[in-house]
There are 2 protein chains.
Amino acid sequence: MNKSALFHQFVAFTATIHQVTHDLTQNVNTANITPLQYKILEYIKVSQPVTPTEISECQHMSLPNTSRELRKLLERQLIEKFNDTADRRKQYVRLSKEGEKMMEEAFACIEERFLQLIQHATQDDLKDIQHALTILEEKVLQQNG
Amino acid sequence: MNKSALFHQFVAFTATIHQVTHDLTQNVNTANITPLQYKILEYIKVSQPVTPTEISECQHMSLPNTSRELRKLLERQLIEKFNDTADRRKQYVRLSKEGEKMMEEAFACIEERFLQLIQHATQDDLKDIQHALTILEEKVLQQNG
DNA sequence: CTCGTTACTTATCATTTGATAACAAAATAA
DNA sequence: TTATTTTGTTATCAAATGATAAGTAACGAG
C-alpha cells in the first residue's frame, strides 16, 4: 500500500470534512456570537466544567484573550463561573441555562442538517459509516487530543 | 441503528479531525503568510487554474476581499495571473514557481507528520483506513462540495 | 448601438482576533 | 518566612478579516 497516496486521500478527505462542517454550521442561529465564541461554547458544552486554562490550551489561544472572550460570554449570560473549593486560584466555567438552551438549539439544527446528509443511507450504510468512523478514530486519530 | 448516536459520533470525529489538521499544519514554514492566504494557496494548488470568483465562492469570502488577498499574494510573487483568451473579463490564477516550491515544501512537511501518525499501522490497517475514508466520502460527504 | 449583467478592482470602515506587558492573588517550594 | 510558580485579569496595540460602496471593463441580449 502506498502511504503517499493515502496521505493525499486523507488531505482531500479533511478538506471535504471542513467544507461539510462549514455547511452544517453556517447560519445556525446563535445570538450574534463570533465564530471563536461559538467554538468556545461548543468546547464548554461537551467538556464542562472546564477551566480558562483548559479552554486556552484546547483552543490554542492565550490566556488573556481567553479571559476576554469569557468575560464577553459572561456579560451575555451564556456561561457561569464558579470557584474550585480546594484551589482558590482556579475557576470552572459551565454553560448557563440560557447558554445550554442556545447550544442545544444549535446542535438540534446541525443534527437536522446532518440527518439530511444521510437520509438515503440504508441500515447497512449506517453500520458501515459507524464502523468507518471508529476505524479512523482508532487507527489514525487516537494518539492525538 | 440510532441516527442520533451516529450524529454525536460524527461531531466528535469532526472535532478531532479539526484538531489533527491544526497539529499537522501548525508552524509549517510558509514565509509569513496568514492562515487565510494559506488556505487560498492550498485551494489554488489543488485546483489550479482557478478564477477569483471560484476562490471567492469556495472560501466563502467576498470578491473584494478575495481580490485584496490575491493582490498581496501577487506582490509576494507566490501566484500568477493570466487572462482567459475568450472572455477578457475573466482571470485565472495559478501558483508561481516560488509559490509551487513553498506549497510543496509545506505539503512535504505535513506528509511527514502524517506518516508519523500512521507509523505503527500494519498493511491491513492501511487498507482499513483507506477503505474507511472511501466509505465516508461515498456515503456521507458525496453530495457536498 | 444601448442596456443590463458579469468579473473584478480600489477604497474605506468596523469588527474580530492575536500578542504582550503589567498586575494581583493564591499555592507551593525553599 | 521569602521566593517562585500557577492562575487569571485588565489594558493596550497591531494585524487579519469581514462588509460595503463605488467604479471600470468586457460581455451578451435586445
Side-chain angles (χ1 to χ4, degrees), chain A residues 18 21-23 25-28 30-44 47-76 78-94, chain B residues 18 21-23 25-28 30-44 47-76 78-94:
Chain A
H18 282 82
T21 301
H22 180 272
D23 293 344
T25 57
Q26 80 175 339
N27 297 327
V28 169
T30 41
N32 261 11
I33 60 174
T34 69
L36 181 59
Q37 286 167 3
Y38 177 80
K39 278 187 197 166
I40 292 172
L41 289 180
E42 197 177 57
Y43 174 62
I44 296 172
S47 310
Q48 58 190 334
V50 293
T51 67
T53 298
E54 286 168 342
I55 296 173
S56 164
E57 287 168 358
C58 190
Q59 302 294 311
H60 312 103
M61 54 194 293
S62 69
L63 199 52
N65 290 336
T66 303
S67 180
R68 173 182 59 196
E69 298 307 319
L70 290 178
R71 179 175 48 72
K72 291 178 188 170
L73 293 171
L74 202 60
E75 281 167 1
R76 302 189 54 172
L78 294 170
I79 61 172
E80 293 170 348
K81 284 181 176 181
F82 59 98
N83 287 315
D84 188 325
T85 50
D87 184 341
R88 282 184 299 168
R89 291 171 305 178
K90 274 195 188 172
Q91 294 184 348
Y92 291 101
V93 179
R94 66 182 164 214
Chain B
H18 283 82
T21 301
H22 180 272
D23 292 346
T25 57
Q26 80 175 339
N27 297 327
V28 169
T30 42
N32 260 13
I33 61 174
T34 70
L36 181 58
Q37 287 167 1
Y38 177 80
K39 278 187 196 165
I40 291 172
L41 289 180
E42 197 177 55
Y43 174 63
I44 297 173
S47 309
Q48 59 190 331
V50 292
T51 67
T53 299
E54 286 169 342
I55 296 173
S56 164
E57 287 169 359
C58 189
Q59 302 294 311
H60 312 102
M61 52 194 294
S62 70
L63 200 51
N65 290 336
T66 303
S67 181
R68 174 182 60 195
E69 297 308 318
L70 289 178
R71 179 176 47 73
K72 291 179 190 169
L73 292 171
L74 203 58
E75 281 168 0
R76 302 189 55 172
L78 295 170
I79 61 172
E80 293 168 350
K81 284 182 177 180
F82 60 99
N83 287 317
D84 189 325
T85 50
D87 185 342
R88 281 185 300 168
R89 291 170 305 179
K90 273 193 188 173
Q91 294 185 347
Y92 290 101
V93 179
R94 66 182 165 215

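Note that these values count all heavy atoms, side chains included, but never hydrogens, waters or copies made by symmetry. Just so you know, these numbers come straight off a predicted model, no measurement behind them.
- At a threshold of 4.0 Å, the pair E75(A)-K72(A) does not count as salt-bridged, since none of the basic side-chain nitrogens sits closer than that to a carboxylate oxygen.
- Side-chain contact between L78(B) and I33(B) is present, with heavy atoms from C-beta onward closer than 4.5 Å.
- Y43(B) has its side chain out of reach of K39(B): every pair of non-hydrogen atoms, C-beta onward, lies at least 4.5 Å apart.
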From CA spacing to verdict: side chain to side chain contact (heavy atoms under 4.5 Å, CB included), L36(A), M61(A): CA-CA 10 Å; L36(A) 181 59; M61(A) 54 194 293; 3.9 Å; yes
Summary of protein contacts for nucleotides 11-23 of chain C, nucleotide by nucleotide, where a base hit scores B, a sugar-phosphate-only hit scores S (4.0 Å, heavy atoms): B----SBBBBB--
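- Using a 4.0 Å cutoff on non-hydrogen atoms, the parts of residues 49-58 of chain A near DNA chain D are T51(A), P52(A), T53(A), ordered by number.
- Atom pair K90(A):NZ and dA27(C):P shows a separation of 11 Å (rounding to whole Å applied).
- One interatomic measurement links the two molecules: CZ of R88(B) to C1' of dC27(D), which rounds to 10 Å at whole-angstrom precision.
- Computed from coordinates, the R89(B) CZ to dG4(C) C1' distance equals 12 Å when rounded to whole Å.
- Nucleotide dA7(C) holds its C1' atom 12 Å from the OH atom of Y92(B), rounded to whole Å.
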Derivation and outcome, side chain to side chain contact (heavy atoms under 4.5 Å, CB included), residues D84(A) and T51(A): CA-CA 10 Å; D84(A) 188 325; T51(A) 67; over 6 Å; no
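- Protein atom NZ of K81(A) is 15 Å distant from nucleotide atom P of dT7(D), rounded to whole Å.
- L73(B) has its side chain within reach of Q37(B): a pair of non-hydrogen atoms, C-beta onward, lies under 4.5 Å apart.
- The interatomic distance linking Q91(A) (CD) with dT9(D) (P) rounds to 5 Å, in whole Å.
- Side-chain contact between L41(A) and T30(A) is absent, with no heavy atoms from C-beta onward closer than 4.5 Å.
- Interatomic distance, OG of S56(B) versus CD of E69(B), reported as 12.0 Å (0.5 Å rounding).
- Rounding to whole angstrom units, CG of residue N83(B) and P of dA26(D) are separated by 10 Å.
- One atom, CD1 of I40(B), and another, C1' of dT17(D), lie 11 Å apart when rounded to the nearest Å.
- L74(A) contributes atom CG, which lies 8.5 Å from atom CD of E80(A) (distance to the nearest 0.5 angstrom).
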